[in-house]
Amino acid sequence: MKMLISGVLCDSADKSKQNVYNPATGEVIDTIPAATQEDVERAIRDSVEGQREWGAIPLYKRGQILENFCKILEKNGDEIATVLTKEMGKPYREARNDIGAVTGIFRAYIAAAATYLGETMPIGAQGGKEHDFEFTVREPLGTVACIVPYNGPLVLFAYKAAPALIAGNAIVVKPASDDPLAVLMLGSLLLEAGVPAKAIQFISGSGSKIGKYISENPLVNRISFTGSTAVGIEIYEKAAKNLTHVSLELGGNAPFVLMPDGQVDVAVQEAFLGRAATLTGQVCNTSKRFIIHESLKNEFMEKLISKLKTLVMGDPFDPETTLGSLVSEHAAKEIESQIQKTVAQGARLVYGGERNGAYIVPAVLDGLTMDMEVMHDMEIFGPVFPIITFNTYEEAIEIANATTYGLGASIYTENMRTALRFAKDVQAGSVIVNGNSYYRSLLMPFGGYKKSGIGREGLFTALDEVTQIKCIVFKGML
Ligand code: NAP
Ligand code: MG
C-alpha cells in the first residue's frame with residue numbers, strides 16, 4: 001500500500017518500507033512506505049495550502065463532500081473491513097461494524113457543525129461600550145495532525161478527522177504501524193469524495209522515527225493523539241516549543257467496583273464484554289482492575305470463568321469466532337509477560353493465560369494485593385482480569401484511585417446513594433453505573449483525568465478543540 005501525499009499515492013522518498021502482518025497467521029500481508037523526514041515535511045507544508053482551499057468551501061458544501069465520503073465508504077465497506085480484519089486479527093463481524101461507526105461519527109459531526117454557534121455579547125453590558133457591537137466567530141485552526149493507535153484504527157481516526165475536516169481544517173494522518181492499511185485506504189475515499197488533495201495527507205512509518213517531525217513542526221496547529229501516556233508526554237514536550245495545541249487521549253487502568261448489593265450477573269456480563277469479547281480487551285477505557293466485595297468474589301469469579309469458556313478463539317473470518325488475536329505476537333507476548341510478572345509478585349493465575357502466537361486465552365488472576373504493579377500503573381492491554389477484594393466502601397475507593405491514570409471507572413450497586421458517592425469520589429473522566437467503563441457515546445465528552453490525557457473528544461467539545469475563537473467588534477455603530 002502507498003501513502004497519500006497531496007493527492008498522489010506514493011512511496012517514501014528513499015523507497016524504504018515496513019511490513020504489515022496478519023497477526024492471526026503471522027504472514028506478511030502488505031508493506032507500507034516508511035516516510036522520511038522530507039516526506040513528512042512536504043505533506044505538512046502542502047497541507048497549509050490545502051487548508052486554505054478546503055476552509056474556503058462553504059460549510060454546507062464541506063458537509064456534502066463528507067456525506068459523499070460516507071456513501072463511498074459504505075459501498076467499499078466489505079473490502080475495507082476485510083483488510084482491517086487481516087491486519088488486526090479481530091473478528092470480521094466487529095470490523096464490519098466499524099464501517100457503520102465511522103459513517104455515524106462523520107454524519108454526527110456534519111450535523112453538529114451546522115448548529116455550532118458563535119456568541120453575540122449583550123449590548124451595553126459595560127459602561128462606555130454601549131455603542132459597540134461585539135460578537136464571536138469560530139475559525140479553523142489550520143492543520144490538525146491525527147496520530148492513531150492500533151486498537152481502533154478506523155473509529156479513532158473518525159473521532160479526530162470528522163470534527164477537524166468539517167470545521168475546515170486540513171488533516172495529516174499517521175496510522176499505527178501494526179494496522180495502517182484500512183486507515184490509509186480512507187485517504188483515497190476522501191479524495192474521491194471531493195476533499196481537496198492537499199487538505200488530506202496520509203503518511204505512514206514508525207512513530208518513534210517520524211513522530212518528532214510531526215510534533216516539532218511549527219505548521220501543525222493541533223496534534224490530536226490517541227495512544228500511550230509515555231508517547232503522549234513526549235509529543236506534549238515537543239509541541240510546547242511552538243505552542244502547538246494538543247489533544248491527548250492516553251492510557252487507562254480503570255477500576256470496576258462490585259458492591260455487596262450489586263447484580264453479579266450484570267457485572268459478569270459487562271466484565272466479559274468489555275475485557276474479552278470486544279477487541280480482545282484492547283480498549284483504553286475498559287475495566288482493567290476488578291475490585292470485588294469479599295462476599296461476592298467466588299461467585300463473580302466462577303461465573304466469569306464459565307462465561308470466558310464460551311468464547312471461540314480462531315480464524316477471524318469464521319463467523320463462529322468470538323475471540324480474535326491480539327494486534328501482534330509482540331503485543332500478546334507483552335501481556336504474557338505482564339501476567340507472569342504479576343504471578344511472580346504473588347497473584348494466582350486461576351484461569352487461562354496460555355499464548356499461541358498472537359492469540360491469548362483470557363486470564364483470571366486472583367489474590368491481588370496493593371503492592372502489585374498492576375493495581376497501580378501497569379496497564380495490561382488485553383484480556384486479563386486481575387481481581388482484588390475489599391470490605392468497605394472506603395477501601396474500594398482507595399484502591400480505585402491508586403493509579404496515575406483516570407480514564408474510566410465503573411460501579412455495580414443497586415443503591416443510588418452509593419453510586420453517586422462513587423461518581424463524586426472517583427478520579428476519572430467517565431463513570432458508568434452498572435456498566436463497563438468501555439462505554440462511549442457520540443455525545444459524551446470523552447477523555448481522561450490525571451495521566452489519561454488532556455482534552456475531550458465528543459460532539460460538544462471536539463469542535464472547540466479544532467477551532468479558534470475570533471472576537472469581532474463594530475465600534476461606535478449603535
Ligand atoms: P502508542 O505506542 O503510543 O502509539 C500510538 C500512535 O503513536 C501510533 O500511531 C504510533 O506509531 C505513534 N507513535 C509512537 N511513537 C511516537 C512518537 N514518539 N511521536 C509521535 N507518534 C508516535 O500506543 P499504542 O500501543 O498504539 O496504543 C495503546 C495505548 O493507547 C494504550 O495505552 C491505550 O490505553 C491507549 N489508548 C487510549 C485511548 C483513549 O481514547 N484515551 C484510545 C485507545 C488507546 P507506531 O505504531 O508506528 O509506533
Ligand atoms: Mg498487524
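First listed ligand is number 1; within each ligand, the first listed atom is number 1. Along the sequence shown, the residues carry numbers beginning at 1.
Taking a cutoff of 4.0 Å between a charged side-chain nitrogen and a carboxylate oxygen, K90 and D98 qualify as a salt bridge. Using a 4.0 Å cut-off between a side-chain N of Lys or Arg and a carboxylate O of Asp or Glu, E234 and K238 qualify as a salt bridge. Under a 4.0 Å N-O distance rule, the pair E329/K333 qualifies as a salt bridge. E457 and K160 are joined by a salt bridge, as a carboxylate oxygen and a charged side-chain nitrogen come within less than 4.0 angstrom of each other.
For ligand 1, the atoms closer than 4.0 angstrom to any heavy atom of N151 are 43 (C), 44 (C). Using a 4.0 Å cut-off to heavy atoms of E234, the atoms of ligand 1 that qualify are 18 (N). Within ligand 1, the atoms closer than 4.0 Å to a non-hydrogen atom of L407 are 41 (N), numbered from 1 in the order shown. Proximity to C284 (heavy-atom distance under 4.0 Å) selects the following atoms of ligand 1: 33 (C), 34 (O), 36 (N), 37 (C), 38 (C), 39 (C), 40 (O), 41 (N), 42 (C), 43 (C), 44 (C). Near Y150, meaning under 4.0 Å from any of its heavy atoms, are these atoms of ligand 1: 24 (P), 25 (O), 26 (O), 27 (O). Atoms of ligand 1 found under 4.0 Å from any heavy atom of P175 (numbered from 1 in listed order, with element): 9 (O). Counting atoms of ligand 1 from 1 in the listed order, those under 4.0 Å from a heavy atom of F446 are 40 (O). Short contacts between ligand 1 and G205, defined as distances under 4.0 Å to a heavy atom of the residue, involve ligand atoms 47 (O).
For atom 20 (C) of ligand 1, the nearest non-hydrogen atom from the set G211, S206, S177 comes from G211. Here the shortest heavy-atom distance to atom 13 (N) of ligand 1, taken over S204, G207, C146, belongs to G207. Between E379, E216, E334, it is E379 that holds the heavy atom closest to atom 34 (O) of ligand 1. Residue L250 holds the heavy atom nearest to atom 37 (C) of ligand 1 of all those in D179, I233, L250, V155.
Contacts between T226 and ligand 1 below 4.0 angstrom, taking non-hydrogen atoms only, involve backbone and side chain alike. With a 4.0 Å cut-off on non-hydrogen atoms, N285 does not touch ligand 1 at all. Neither the backbone nor the side chain of A230 has any atom closer than 4.0 Å to an atom of ligand 1 (non-hydrogen atoms only).
With hydrogens and angles disregarded, no donor-acceptor distance shorter than 3.5 Å links the side chain of E87 to the backbone of V20. Judged purely by atom type and a 3.5 angstrom limit, Y359 uses its side chain to pair as donor or acceptor with the backbone of G314.
Ranking the protein heavy atoms by distance from atom 35 (C) of ligand 1 puts G227 O, 3.2 Å first. Scanning the protein heavy atoms around atom 6 (C) of ligand 1, the nearest turns out to be V148 O, 3.5 Å. Atom 27 (O) of ligand 1 has as its closest protein heavy atom P149 CB, 3.7 Å.
To the nearest 0.5 Å, atom NZ of residue K174 and atom CD1 of residue I147 are 7.5 Å apart. Of the inter-residue distances, the one linking T321 atom OG1 with E94 atom CD reads 11.0 Å to the nearest 0.5 angstrom.
A cation-pi arrangement is present between R440 and Y159 under the rule of less than 6.0 angstrom and at most 45 degrees off the ring axis.
The aromatic rings of Y150 and F381 lie perpendicular to each other, with more than 60° between the two planes, well past the 30° mark.
Every heavy atom of G447 sits 4.0 Å or more from the atoms of ligand 1. Within the 4.0 Å heavy-atom cutoff, G453 does not count among the residues contacting ligand 1. The closest approach between any non-hydrogen atom of I214 and ligand 1 is not below 4.0 Å.
The shortest non-hydrogen separation linking P316 to T85 is CB-CG2, 3.5 Å. The two residues V40 and A35 have their closest heavy-atom pair at CG2-CB, 4.2 Å.
Distance check on atom 32 (O) of ligand 1: some protein heavy atom falls below the 4.0 Å cut-off.
With respect to L4, the side-chain contact (heavy atoms from CB on, under 4.5 Å) criterion is satisfied by exactly one of L190, I203, L184, L191: L191.
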